[in-house]
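Reviewing the structure listed below.
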Amino acid sequence: LLASESGGALGISANADIAVSRNIAFAPWFSTAVVAREASAPIGTAGYRPTLIGLGIAAPLASPSRFIVPRLGVGYAVLWVHVWPDTAVAPAEKKSQSIDLFGAVMYVNAAISMKINARARITAEGMLGVSSHDLVVRMGDSERAHWGVPVAHLALRGELVIP
């Protein structure tokens, strides 16, 4: 789930924790909305899709062999919101082409994973961050959606432990 001031969106994500020591791992990740969100105004509608691409540092607080492993992390991400016009009341109103909005995000996250077997785990994770600036979807002269201040990501995922 991706969420910000303008609401939430069901997302799909992928990430990897790449251990550099027993207690520290690099954590590249990606998350995007499965279905585009929609903004509307009297002049028409626009679609937009928020996406986060991040790199952080994760600190597992127990060995992966334990039944429950809590993790804490921090990092930076890029928030990308792709916006495109969908419909317009009059052809003259559909002047805009698609546009890409970007913002840098600083975040903290916490996760807890539970062992299913020696190679598989199930994990619940939450991330809270703030973008360098508010990404605003505008239609005509009006602001229709805001993303980035704050931004959150909630995930429930399966993990494969590779020794």
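The figures here come from the full heavy-atom set of this structure, side chains too, leaving out hydrogens, waters and symmetry mates. Numbering starts at 1 and runs along the sequence shown.
Considering only heavy atoms from C-beta on, M127 comes within 4.5 Å of W29 through its side chain. For the pair L52/Y107, no side-chain contact is recorded, criterion being any heavy-atom separation below 4.5 Å from C-beta on. Using a 4.5 Å heavy-atom threshold, the side chains of V151 and V130 count as separate. In this structure, S132 and F102 have side chains that are not in contact, with every pair of non-hydrogen atoms separated by 4.5 Å or more. Side-chain contact check for L128 versus N109: every heavy-atom pair is 4.5 Å or farther apart. L156 places none of its side-chain heavy atoms less than 4.5 Å from the side chain of T123. In this structure, the side chains of R157 and E125 come closer than 4.5 Å at one or more pairs of heavy atoms.
Separating the CG atom in L160 from the CZ atom in R119 is a distance of 5.5 Å, to the nearest 0.5 Å. To the nearest 0.5 Å, atoms CH2 (W84) and CG (D100) are separated by 10.0 Å. Between the OG1 atom in T32 and the CH2 atom in W80 there is a gap of 7.5 Å [rounded to 0.5 Å]. Once rounded to the nearest 0.5 Å, the distance linking CD1 of I116 with CZ of F67 reads 9.0 Å. Interatomic distance, CZ of F30 versus CG of N15, reported as 12.0 Å (0.5 Å rounding). From I18, atom CD1 reaches atom CD1 of I162 across 10.0 Å, with rounding to the nearest 0.5 Å.
Put simply, the side chain of K115 gets close to the backbone of S65: a donor and an acceptor are under 3.5 Å apart. In terms of modelled atom types and a separation under 3.5 Å, the side chain of D17 and the main chain of A27 share no donor-acceptor contact. The backbone N or O of A39 lies less than 3.5 Å from no partner atom in the side chain of R144, so there is not a single donor-acceptor pair. With hydrogens and angles disregarded, a donor-acceptor distance shorter than 3.5 Å links the side chain of S131 to the backbone of H133. Proximity of a side-chain donor or acceptor of R66 to a complementary backbone N or O of M114 within less than 3.5 Å is not detected. Judged purely by atom type and a 3.5 angstrom limit, R22 has no side-chain atom pairing as donor or acceptor with the backbone of A62. A distance-only check finds a donor-acceptor pair linking the side chain of R121 to the backbone of S113 [under 3.5 Å].
The number of heavy-atom neighbours closer than 6.0 Å to CD1 of I12, taken from other residues, nucleotides and ligands shown, is 12 or below. Within a 6.0 Å sphere centred on CZ of F26, other residues, nucleotides and ligands contribute 12 heavy atoms or fewer.
Salt-bridge annotation for E159 and R71: present, with a side-chain N of the basic residue lying under 4.0 Å from a carboxylate O of the acidic one.
Here the closest heavy-atom approach between residue R49 and residue A33 is recorded as NH1-O, 2.7 Å. Among all heavy-atom pairs drawn from W147 and A3, the shortest one is CZ3-C, 3.7 Å. When all heavy atoms are compared, the tightest approach of R37 to A9 is CD-CB, 3.5 Å.
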(request) List the steps, then state whether side-chain contact (heavy atoms from CB on, under 4.5 Å) holds for V83 with L101. (result) CA-CA 8 Å; V83 184; L101 308 172; 4.2 Å; yes

(message) Test side-chain contact (heavy atoms from CB on, under 4.5 Å) on V78 and V105; report intermediate values, then the result.
(response) CA-CA 6 Å; V78 173; V105 175; over 6 Å; no

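In the hydrophobic clustering of ILVMFWY residues, with side-chain heavy atoms under 4.5 Å counting as a link, I122 and V69 come out apart. Hydrophobic clustering (ILVMFWY, side-chain heavy atoms < 4.5 Å, transitive): I99 and V137 are in one cluster.
S13 pairs by the side chain to side chain donor-acceptor pair (under 3.5 Å) definition with nothing, not counting sequence neighbours.
S31 and H153 form a side-chain donor-acceptor contact under 3.5 Å, judged by distance and modelled atom types alone.
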